[in-house]
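Working notes, beginning with the structure itself.
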Number of protein chains: 2
Amino acid sequence: MKANANRAAAVARPRSGIPGTQSAPVPTENELYGITELAREFGISLRAIRFYEDKGLLAPRRINGGRAYTRRDRVRLGLILRGKAVGMSLAEVEHILSLYGDHGEGHAKQLDYLVGRIDEAMQELDTRRRNIEAMLGDLADAKGQLQRTLALKRRVRKK
Amino acid sequence: MKANANRAAAVARPRSGIPGTQSAPVPTENELYGITELAREFGISLRAIRFYEDKGLLAPRRINGGRAYTRRDRVRLGLILRGKAVGMSLAEVEHILSLYGDHGEGHAKQLDYLVGRIDEAMQELDTRRRNIEAMLGDLADAKGQLQRTLALKRRVRKK
DNA sequence: CCGAGTGCTTACGTTAACGTCAACAGACTG
DNA sequence: CAGTCTGTTGACGTTAACGTAAGCACTCGG
């Protein structure tokens with residue numbers, strides 16, 4: 001267990017890796033996470049995380065053979081899981097993730113295209129939301145009907 | 001093609017089945033549908049519909065060996081597909097469908113229980129909806145950022 | 001130096017949700 | 001009466017999304 005914490009810290013903080021080699025202080029964007037750390041945080045298996053990587057949804061750097069995730073990776077993982085919770089396939093999630101990239105350099109044409117894709121994605125999500133709202137409405141109806149039946153039963157019984 | 005329409009009608013309307021045998025006019029709840037009819041209407045395959053039946057989500061009566069679906073079946077099929085669109089598994093859909101049943105006879109205890117289940121289902125759906133709204137928000141952010149970048153590019157170019 | 005703990009890769013197994021294919025039955029249609 | 005259409009029942013194939021297991025590497029505390 002002690003080794004556990006140490007190991008995790010070793011992956012998380014390069015400064016405790018090989019002393020001297022990683023002395024260059026990267027200005028921003030530090031904070032690396034280990035795979036178990038992320039797995040625990042999000043309540044999923046290591047296997048699942050590696051699977052997402054196989055599918056190209058994550059691309060952690062390698063430190064000493066082990067995977068090291070940045071904050072950005074962490075955010076992406078969150079988006080992946082949220083996408084799944086929303087009922088999207090990993091392929092769809094990948095598609096949406098591509099809309100978040102570092103397109104700071106893209107040509108205007110490409111950026112326009114991206115905006116279009118985002119609009120599409122938003123419309124699909126909206127459709128999904130409407131479906132959910134329809135189901136919620138139906139369930140509310142069913143519930144109301146049940147409760148009316150219940151009220152009748154109770155009234156009869158009281159008499 | 002003519003045979004098609006005739007066949008479909010034969011399944012849909014018992015009066016053109018075996019003349020004389022089906023002369024008793026059922027008061028309400030007529031209108032039967034054939035499997036291809038439903039498949040076309042909902043844009044799914046026959047195989048899928050039969051599959052849902054295997055899974056216990058549909059239980060059409062049999063007329064002459066063929067499946068005959070009532071309006072109620074049609075509604076259920078709609079719910080199934082909507083459930084799927086919402087990201088539910090068939091098992092979850094089945095669970096929800098059970099909340100719509102003809103519980104006109106149930107004991108008050110059971111009806112109470114049902115109301116509870118419905119509430120649960122509604123809460124889960126609400127969670128899903130919130131997730132979708134979060135994604136929509138994220139996408140809107142991404143879009144806004146893109147558009148600002150675009151505006152800058154255009155302004156520079158105009159100069 | 002060794003065993004525990006963590007991680008990596010490879011490969012095979014599994015479940016859900018169908019699709020595809022084959023072979024066949026009944027009923028019109030011409 | 002042969003052909004076409006619609007429908008039925010298996011059996012097998014497929015894709016997605018992992019789970020499980022095996023075997024090896026590394027690293028740290030004792």
Side-chain angles (χ1 to χ4, degrees), chain A residues 1-14 16-19 32-40 42-58 60-69 77 80-81 83-95, chain B residues 1-14 16-19 32-40 42-58 60-69 77 80-81 83-95:
Chain A
M1 269 185 255
K2 261 180 292 180
N4 170 356
N6 287 340
R7 223 341 187 139
V11 173
R13 308 268 157 83
S16 77
I18 298 134
L32 295 180
Y33 309 85
I35 188 171
T36 37
E37 203 169 344
L38 286 188
R40 257 199 285 273
F42 287 99
I44 60 180
S45 71
L46 308 183
R47 186 65 184 77
I49 295 184
R50 294 192 195 110
F51 184 74
Y52 300 150
E53 181 178 343
D54 284 351
K55 290 289 170 170
L57 301 185
L58 292 175
R61 35 184 115 158
R62 293 314 189 96
I63 292 182
N64 241 330
R67 292 166 169 86
Y69 300 86
L77 183 50
I80 293 170
L81 298 180
K84 291 200 54 182
V86 158
M88 305 196 313
S89 72
L90 290 189
E92 292 171 304
V93 170
E94 179 176 16
H95 170 218
Chain B
M1 268 188 256
K2 261 181 290 179
N4 170 355
N6 287 339
R7 225 336 188 144
V11 173
R13 309 267 159 84
S16 77
I18 298 133
L32 294 180
Y33 309 85
I35 189 171
T36 37
E37 204 170 343
L38 285 188
R40 256 199 285 275
F42 287 100
I44 60 180
S45 72
L46 310 183
R47 187 65 183 78
I49 295 183
R50 295 193 195 111
F51 184 74
Y52 300 150
E53 181 178 342
D54 283 352
K55 289 289 170 170
L57 301 185
L58 292 173
R61 35 184 116 157
R62 293 313 189 97
I63 293 182
N64 239 332
R67 292 165 170 85
Y69 300 86
L77 182 50
I80 293 171
L81 298 180
K84 291 201 55 184
V86 158
M88 306 197 310
S89 72
L90 290 189
E92 292 171 304
V93 170
E94 179 176 16
H95 171 217

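Predicted model only: the values in this text are computed from it and were never measured. Atoms considered below: every heavy atom in the structure, side chains included; atoms not considered: hydrogens, waters and symmetry mates. Each chain gets a letter, A, B and so on, in the order its sequence line appears, and its residues count up from 1.
Closest of all the heavy-atom pairs between A:Ala39 and A:Ser45 is CB-C, 4.3 Å. What you find for A:Ala68 and A:Pro60 is that their closest heavy atoms are O-CB, 3.4 Å.
Listed by residue number, the members of residues 85-94 of chain A with any heavy atom below 4.0 angstrom from DNA chain D are A:Ser89, A:Leu90. Residues from residues 46-53 of chain B lying near DNA chain C, meaning a heavy-atom separation below 4.0 Å, are B:Arg47, B:Ala48, B:Phe51, B:Tyr52 in numerical order.
Each of C:dG7, D:dA17, C:dA27 was ranked by its minimum atom distance to the side chain of A:Thr36; first place goes to C:dG7. The listed nucleotides are C:dT9, C:dG7, C:dA27; the one nearest the side chain of B:Asn64 is C:dA27. The side chain of B:Arg62 lies closest to D:dT9 when the candidates are D:dT9, C:dT9, D:dA17.
The only option from A:Leu77, A:Leu58, A:Leu46 that meets the side chain to side chain contact (heavy atoms under 4.5 Å, CB included) definition with A:Leu38 turns out to be A:Leu77.
Straight-line distance from the CD1 atom of A:Ile35 to the P atom of D:dC26: 18 Å, rounded to whole Å. In this structure, B:Ile80 atom CD1 and C:dA17 atom P are separated by 11 Å, rounded to whole Å. The separation between A:Tyr33 atom OH and C:dG7 atom P is 17 Å, rounded to whole Å. The interatomic distance linking A:Ile63 (CD1) with D:dA25 (P) rounds to 22 Å, in whole Å.
Contact check, B:Arg67 against D:dT9: a side-chain N or O comes under 4.0 Å of OP1 or OP2. Side-chain nitrogen and oxygen atoms of A:Lys84 include none within less than 4.0 Å of the OP1 or OP2 phosphate oxygen of D:dA17.
Separation of atoms CG (A:Leu32) and CZ (A:Arg67) is listed at 14.5 Å; rounding is to 0.5 Å. Note that CZ of B:Arg50 and CD of B:Glu53 are 9.0 Å apart. Values are rounded to the nearest 0.5 Å. Between the OH atom of A:Tyr52 and the CG atom of A:Leu81 there is a distance of 5.5 Å, given to the nearest 0.5 Å.
Side-chain contact between B:Tyr69 and B:Ile49 is present, with heavy atoms from C-beta onward closer than 4.5 Å.
When each of B:Ser45 and B:Lys55 is assigned the nucleotide of DNA chain C with its nearest heavy atom, B:Lys55 is the one assigned upstream, toward the 5' end.
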Contacts table for residues 87-95 of chain B: side-chain donor-acceptor under 3.5 angstrom, sequence neighbours left out:
residue, atom, partner, partner atom, Å
B:Ser89, OG, B:Ala91, N, 3.4
B:Ser89, OG, B:Glu92, N, 3.2
B:Ser89, OG, B:Glu92, OE1, 3.4
B:Glu92, OE1, B:Ser89, N, 2.7
B:His95, NE2, B:Arg117, NH2, 3.0

